[in-house]
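All chains are named by letter (A, B, ...) in the order of the sequence lines, taking the proteins before the strands, and each is independently numbered beginning at 1. These values consider heavy atoms only, across backbone and side chains, with no hydrogens, waters or symmetry-generated copies.
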Number of protein chains: 2
Amino acid sequence: MFWTATNSEGYPSPAALAVDAVVLTVRDGRLDVLVVRSDGGRRALPGGFVTPDEDPAGAAVRVLEQKTALTRLYLEQLGAFAAPGRDPRGWIPSIAHLALVPPATQPNDDQTTWVNAHGRHRWAFDHREIVRAALDRIQGKLWWSNVAVGVLPHDFSLSQARQVYQAIARTTYDGATFARDLKATGLIQPTGQTTTDSPGRPAALYRYTTTSPAWGSGRRKRVPPG
Amino acid sequence: MFWTATNSEGYPSPAALAVDAVVLTVRDGRLDVLVVRSDGGRRALPGGFVTPDEDPAGAAVRVLEQKTALTRLYLEQLGAFAAPGRDPRGWIPSIAHLALVPPATQPNDDQTTWVNAHGRHRWAFDHREIVRAALDRIQGKLWWSNVAVGVLPHDFSLSQARQVYQAIARTTYDGATFARDLKATGLIQPTGQTTTDSPGRPAALYRYTTTSPAWGSGRRKRVPPG
DNA sequence: TCAATAGTGTCTATGAGACAGTATGTG
DNA sequence: CACATACTGTCTCATAGACACTATTGA
């Protein structure tokens, strides 16, 4: 079955407008991506179609609410993927998104699972390329923005934050230097509370000053090539 | 007239897939953007429609070849703009591109002109937002990539390069520091030639090692907020 | 010789990695 | 007490801004 479409002027038009989402989280120090099983055992990104009366970001949120019981969400557009033949069903451009969610987010159906984002997988369609774009994007923005706000709990310790940052950047950070530099971004503020979840001295808790996408103060930090 | 479309499954589909291009160059130390006159005296970006058998970047190149006698070109995708109602003609998502061309590029028709990219203009549709995205993108990438390869001639002096970089970053650079840092990116190489276009000591010529999009060696350089 | 531009060398402030050492909790 | 984790302070190197000084051309 091959979908086609024609517009009121008589010219061929896209058969649909798709959205796909690269949903990332950090679990046990590892960066995981949400995938749905596709035919032939290939991995596919969760996705769906945009309706005429919604914008692509809204469609992405709607699709993810169906796939997961999501609590919070950081969402931004990656770009359009529209190479001819990318979708075997017809001329269907896809607008890809990057989404970050807390590690407790659970898939709603057993066809949807978490897999290692840096692992080697057989991907459906052009999804390998989309995942690649997502990983590049998040690494590039990690120290310049509050992207990690999507993964961390509302209040978090600097150790928790360090684990998340390390998983995303695929490196290790010195604890002291990490704390100094994350505070210097101006993106977080102390809550005045402490946590006693772990043995040892209790850690002070912080929160991001804003949960919507924001940029830091222009400090620099290098992410090694991944 | 309002365009509509329906696909072979009976669902509404986009009436067309558009491409728009933010075409930038540096002329007389100023960053200019290519615009076409639109109804009501508003500025519009050059654009067109994607056909089913081409990818968006190819469509952008095709459209620009019609609008200008372009010689070289740096092109990259900015993203999809698909808010409902963005185009009064119907449901028409647009894939926006950033294009950099040499300053000698001339419009082919008298409806197309260069205007100051940082100036205040009345823009058609959502084109103000697209231009904003283009300026953010090029400033962010300036010192990390070879974006400027699209504007500079094949062989150029460091003074020429400095003028281009200054116009894009909206700042001034110390000549000595600029030369040191641009060489340190590893993106350019000396040609061994010199130029005598200007009074004073002849300048050594350089060229970018590659004309396709590439990333520098991780040196840093701050672009002031614009 | 002077004006004008190109290029070299160096001083300094700051960002960021590394790590010693101190603080504060639990068993 | 030992142990584990959190946090402070400081040394050091690399980056990048600023600028004095030298070099090379044409008028």
*Summarise how protein sits on nucleotides 20-27 of chain C as a single string, 5' to 3': B when a protein heavy atom is under 4.0 Å from the base, S for sugar-phosphate-only contact, - for no contact.*
---BBB--
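C/dA18 atom C1' lies 16 Å from atom CZ of A/F178, rounded to whole Å. Taking atom CZ of B/R162 as the reference point, atom P of C/dG7 lies 11 Å away to the nearest angstrom. Atoms OH (A/Y206) and P (D/dA6) sit 12 Å apart, rounded to a whole Å. For the pair A/K183 NZ and D/dA6 P, the computed distance is 13 Å after rounding to whole Å. With rounding to whole Å, A/L182 atom CG is found 15 Å from C/dG15 atom P. Rounded to a whole Å, the CD atom of B/Q160 is 12 Å from the P atom of C/dG7. Between B/D181 atom CG and C/dT8 atom C1' there is a gap of 14 Å when expressed in whole angstrom units.
Ring orientation note: the planes of B/Y208 and B/F156 are tilted relative to one another, at an angle of 30° to 60°.
Look at A/K183 and A/D181 and you find no salt bridge, because none of the NZ, NE, NH1 or NH2 atoms lies under 4.0 Å from a carboxylate O. Contact check on A/K67 versus A/D20 returns no salt bridge, with no Lys/Arg side-chain nitrogen under 4.0 Å from an Asp/Glu carboxylate oxygen.
Phosphate contact (OP1/OP2 of D/dA18, side-chain N/O of B/T177, threshold under 4.0 Å): absent. A sub-4.0 Å separation between OP1 or OP2 of C/dA6 and a side-chain N or O of B/S159 is present.
Within the 4.5 Å cutoff, no side-chain heavy atoms of A/V101 are placed close to those of A/T68.
In terms of modelled atom types and a separation under 3.5 Å, the side chain of A/Q160 and the main chain of A/S157 share a donor-acceptor contact.
Using modelled atom types and a 3.5 Å distance limit, the side chains of A/Q163 and A/Y165 yield no donor-acceptor pair.
On a pure distance criterion of 3.5 Å, no polar donor-acceptor pair joins the side chain of A/R180 and the base of C/dG15.
Checked against D/dA6, C/dG7, D/dG17, the side chain of B/A203 finds its nearest nucleotide in C/dG7.
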